[in-house]
Structures are given as C-alpha cells and as structure tokens.
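Step one of this worksheet: look at the structure below.
Naming convention: chains lettered A, B, ... in sequence-line order (proteins, then strands); numbering from 1 in each chain. Remember, it's a predicted structure, so these values are computed and weren't measured experimentally.
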Amino acid sequence: MKDCGGELLGRVRSGVASEQDKTAFDAHWMSCESCRMTLEVMDDFDALGEAESGDGERVARMSARVVATLGKPARMPVRLAVGPWLLMVAAVAFAGVAIAGGAYLLTHRTVAQAPPPLSAAPTIRTPHPTVEVQTERLDASPDQEVEGGNDASVPQEPAAFVKAQVSAAALYRAANDARRGGNPALAIGSYQRLQQQYPGSAEARASRVSLGGSLLKSGSAAAALAQFDAYLASGGGQLTAEALFGRAQALRALGRSAEEVQNLRLLVGSYPDSAYATHAKRRLQELH
Amino acid sequence: VHRAQDPRKAVAGRASEGDPEAIRELVMELGGQMLRTVRKVLGGPHPDAEDVTQEAVLSFISALRGFRGDCSVAHFARQVALRRALHARRHFRVRDKVGDQELDADHCTYSGDVSPLDTAISRERRAVVFSLLDQLPQATAEALALHFMFGYTVAEIAMTLGVPPDTVWSRLKLGKQALRKALAQSERLSDLLLNDPSRRRLS
C-alpha cells in the first residue's frame, strides 16, 4: 500500500483523521507490519527530548551569542549620535584655541606696548595653550560639555553586545556555512573574527586558506596573499597545495608575474599529482 | 507552510542580512524547537545539547541567505538542527569511543501507567534506531529521523529536504528495511519481547 509512507498514519497520530481515515488505517494497520513498526517506533520517541525548565534562558543565551557573532551593529543611530558629539567637541576645542591664541597675542602686544601692571594676573602661561585647552575639554564629562543637554542628546556608546563565547570550531563552521551559502561578506567577517578571538587555534590556522580564497574572490588580492603567506609561514599542512595555488592566483591578480612563476613551479614540484598541478602547468605555459 | 505564506519569511530575510533584532526574534522563536530537536536526536538531556544547538543556530542563521523557501522557515530550522545533531552523534561516538548503550543511556522517564517492561522495550528500540542512524548514509538517516522522530509525512520530508517525494519513498524504504533487520538482530530486544506476551518480534 502506497500510504505506508505515513500520510494516513500522520493524520491518525495528529488527531485530524476522519472516520473514513480511521477505518482505512485500522484495516491497513492489521495487515502491514511496516506500519506497525513505524507506529511503535514513533511512540517510542514521542516523550524524548521534551522541553525542560531553563530552556528559555538557554535560548536567550544562544540568541545573544548568535547576535554577537553574526549580527551587524545598528550603524545609523550610532553615526547620528556620534556626529553632533564630535562636532561639538571640535567646536569647543576650536573656541578654546581661539581664546587662548587671542589671549596669548594680547599679552604679547601688551608687553610690547605698555609696562606690566603691578598686580598683573597671569592669563595664560603655557607655551602650548592649544594642548592644555584640549586636554581640559576632553577630560570634562559629556554632561558638563553639553550645556542644557538632555539624556537623548548625549552620545551613547554603541550597544554593548554580549561577548561571544562561541567556540573556535563553531565559528569556523559558521564561516564555512556562510561561504558555501553564498554570503562572502559574512564569511570573511566570521573568519576574521575567528582569527582574532582564537589566534592559536587549529581552526584559525586552517581558516587562513579559506579566508584567502574568499578575499581573492571579493577582489582583495593583497589581503588574500597575506592569508596564504601566513598559512605557509606557519608550516603548512593538509592545505598547502591549496594555499600555494591561492597564492599564485593572488600574485597573478597583483601582476607580480615573476613571483607567480616561482610559486607555480614550487606547486608543480611539490604536488605533481594534485588537481592544482594541471592548472599550474597550463598557467606556466601561458607565462613563457 | 510554504515560504510564500510563511509569517517568518520577512524576519528571516532581515536576519539573513545580519539585522540583530531580526536574528534575535528568529532565534527566540525557533531556538526552543531546535534545542528539542537536538535533544531528541542525542537521546534526551545531554551535556552537549546546548553547544550542539548553538552551532545549529549559527548554521541556520548563516544559511538563511541561501535558503530558497522550498519549505517553511521553521522546517528549515529543524532540518539544520537535525543535520547538526546527527553529525554530532557520529562525532561523539568516535570521540568518546562509546557503545550504543553508553551514548544512549536512557534519559526518558515515562510516568503514569507505563510498565517498566514497556519502558525497557522502548529504550532498547530507540537504541537500535540511534545505532542505525549513526551508520546509514546521511540522506537516508535524515529522512528516517524526520519520519520516526518527528512524525513527518513523505510530503513534508520531501519539502524539507528539497528532494522529490519518490526519492523520499526510496530512502524510507531502505531505512525501514535496515531498521527491521536491526530490530530483528537485537538480542536484548528479543529477550525483552519474550517477557511480553502481548508483543511479538518484528521481523
């Protein structure tokens, strides 16, 4: 019977079967050992893996980690907030410089044109008034800096994401998934994050070849070359042939033909039976 | 639910672009389901369940950009979780060099009027299924797990895995044949069934 695949069984188990369905299933079930087995095994798994107390917190933790790993910071609000802040600092600093400079000039002109007053209060003694004024202003808190400002006008730090506690292996897999899923930007970001967070890990080392390839495809040949070089400099490994091939492609993109030839010869000599050797030989013929 | 009618379609699209709020919303909605999926495949409460689910969630969000919408976002999330959990099972078995019984030490406690014998039979049968899932080709194991563990129909499996229904039929047929054989070869299950006159061995 074709329905052994579970359509009828599914309706019966989910409680949406009609009376006709139930009659048909009863008749079928009695004669079909496959469906009896299926029903028993399905029943065995019903109670397994149910929700547990604390699952809400677990999911919240996972959510925070994923956002920290894959989420892009909300750029617009940060830019809008930082912009006026920097402008205000710059304006205040400029005003301070202008005042200090004016006072400095005024003092010198006074010295030149008239005798010093008996109880002259020192105005500005520093030979570097600009530095002093800026330091004072930057030491001031933002609340003091913005007169009459309210909380909304005070620039805030970008929302601090929960620090990622994702393992190197998980990051590597996520980056690889992004690369295979056709999301090179996300892949590059994840590989870079992996190398920053776990610089000594095996995954970070292997990621240099993957990241090099992704950078190469995105047109960043120099950055790609640095990745391949770093992998080879670390002693190479199972991906040495790939790294050499990627390095040759990067050098080609950069127009460094002499080094490309040298690299291709090394690849052919070291891995003559690899799939890359064929391409390398063809390219060497083109170059000669 | 096809993606065209899927209420999560829009938020999934934003999440694929890295929108933190969309990612958060999607994980909060589907993370519980993914955790339960992993837990079920790992055989119940497991010390690595959260880590495996974490990896699955990362993979799920990363893969959204390539998601074609052949199934609902929820089905897609379950597929990713299932795949990661099956992979983890095989990894744990190699890493820890444990047998079926150690890996699948029963975590399922039945309450109410289920007899200890029924519980033992269910436990043994699950162990046989788990052992088979670890050995079958990935594609067959996925189809079998979706069918037996989550009650998916052939149509649902085809939609979730993005393969024709006939392919699913074929995989299920192979999987069921293998399962029937494995159940028949289980001595422990045989011993248990001998003590239960209401049942007879499946062969």
Side-chain angles (χ1 to χ4, degrees), chain A residues 2 4-7 9-11 13-14 33-34 36-38 40-52 55-56 58-74 159 161 165-167 169-171 173-178 180-183 185-187 189-190, chain B residues 15-21 23-24 27-28 31-32 34-45 50-51 53-55 57-59 61-67 107-110 121-123 125-126 129 147-156 165 168-169 172 176 179-180 183 202-203:
Chain A
K2 185 76 171 174
C4 288
E7 309 302 327
L9 183 62
R11 288 199 293 276
R13 275 176 53 84
S14 59
E33 199 166 281
S34 174
R36 285 206 301 278
M37 177 186 75
T38 300
E40 283 188 328
V41 174
M42 283 178 168
D43 287 345
D44 290 338
F45 280 100
D46 270 353
L48 196 64
E50 289 302 297
E52 295 175 8
D55 274 2
R58 291 186 185 95
V59 173
R61 279 199 299 272
M62 286 189 267
S63 171
R65 291 172 190 148
V66 174
V67 168
T69 306
L70 300 178
K72 294 176 182 173
F161 291 119
Q165 295 298 325
V166 183
S167 69
L171 263 176
R173 271 195 281 272
N176 285 338
D177 287 342
R180 294 189 200 106
N183 194 343
L186 184 59
S190 300
Chain B
S16 74
E17 300 296 329
D19 179 344
E21 280 307 313
I23 293 174
R24 190 174 291 113
V27 176
M28 291 304 287
M34 296 180 76
L35 180 60
R36 290 192 296 277
T37 298
V38 168
R39 207 176 268 150
K40 192 178 279 259
V41 175
L42 293 185
E50 186 174 340
D51 284 348
T53 309
Q54 179 75 72
E55 293 178 6
V57 171
L58 275 167
S59 297
I61 298 295
S62 298
L64 277 176
R65 180 167 284 202
F67 175 51
H107 304 289
C108 184
T109 52
Y110 287 89
I121 290 171
S122 289
R123 175 194 303 168
R125 209 161 29 212
R126 281 197 302 274
V129 173
H147 187 54
F148 283 130
M149 293 183 177
F150 304 102
Y152 277 29
T153 63
V154 169
E156 283 178 306
V168 177
W169 276 110
L172 283 182
K176 284 185 179 182
L179 178 58
R180 197 175 298 116
L183 289 171
L202 294 164
S203 58

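Closest heavy-atom contact between S34(A) and R180(B): CB-NH2, 3.5 Å. The two residues S62(B) and L70(A) have their closest heavy-atom pair at OG-CD1, 3.5 Å. E55(B) and A170(A) get closest at one heavy-atom pair: CG-CB, 3.7 Å. Contact record, V57(B) with V66(A): CG1-CG2, 3.4 Å, taken as the closest heavy-atom pair. For the pair M28(B) and S63(A), the tightest heavy-atom approach, listed with the atom from each and the gap, is SD-CB, 3.9 Å. Of all non-hydrogen atoms in M37(A) and F148(B), the two that sit nearest each other are CE-CZ, 4.3 Å.
Ion pairing between a basic and an acidic side chain is recognised when a charged N comes within 4.0 Å of a carboxylate O; R126(B) and D44(A) show no such pairing. Under the 4.0 Å criterion applied to side-chain N and carboxylate O atoms, K40(B) and D46(A) are not assigned as salt-bridge partners. Ion pair R61(A)/E50(B) flagged as a salt bridge, since at least one NZ, NE, NH1 or NH2 atom sits closer than 4.0 Å to an Asp/Glu carboxylate oxygen.
Note that CZ of F45(A) and NE2 of H147(B) are 12.5 Å apart. Values are rounded to the nearest 0.5 Å. The line from CD of E52(A) to CZ of R39(B) is 3.5 Å long, rounded to the nearest 0.5 Å.
If you measure heavy-atom distances from T37(B) to chain A, you find no contacts under 4.5 Å at all. A15(B) does not touch chain A: none of its heavy atoms, backbone or side chain, sits under 4.5 Å away. For L58(B), the parts sitting under 4.5 Å from any heavy atom of chain A are the backbone and the side chain alike. Proximity to chain B (any heavy atom under 4.5 Å) is restricted, for L186(A), to the side chain, taken from C-beta onward. Using a 4.5 Å cut-off between heavy atoms, R173(A) touches chain B through its side chain atoms alone.
Contacts of D51(B) classified as side chain to side chain contact (heavy atoms under 4.5 Å, CB included), with partners at least two apart in sequence or in another chain: D48(B). For A187(A), the side chain to side chain contact (heavy atoms under 4.5 Å, CB included) partners two or more places apart in sequence, or in a different chain, are A178(A), R179(A), Y191(A).
By number of non-hydrogen pairs under 4.5 angstrom with chain A, the leading residue of M149(B), R36(B), Q54(B) is Q54(B). Of all the listed residues (A175(A), A185(A), G189(A), A60(A)), the one sharing the greatest number of non-hydrogen pairs under 4.5 Å with chain B is A60(A).
Contact annotation: the side chain of E40(A) never approaches that of S122(B) to less than 4.5 Å [non-hydrogen atoms, C-beta and beyond].
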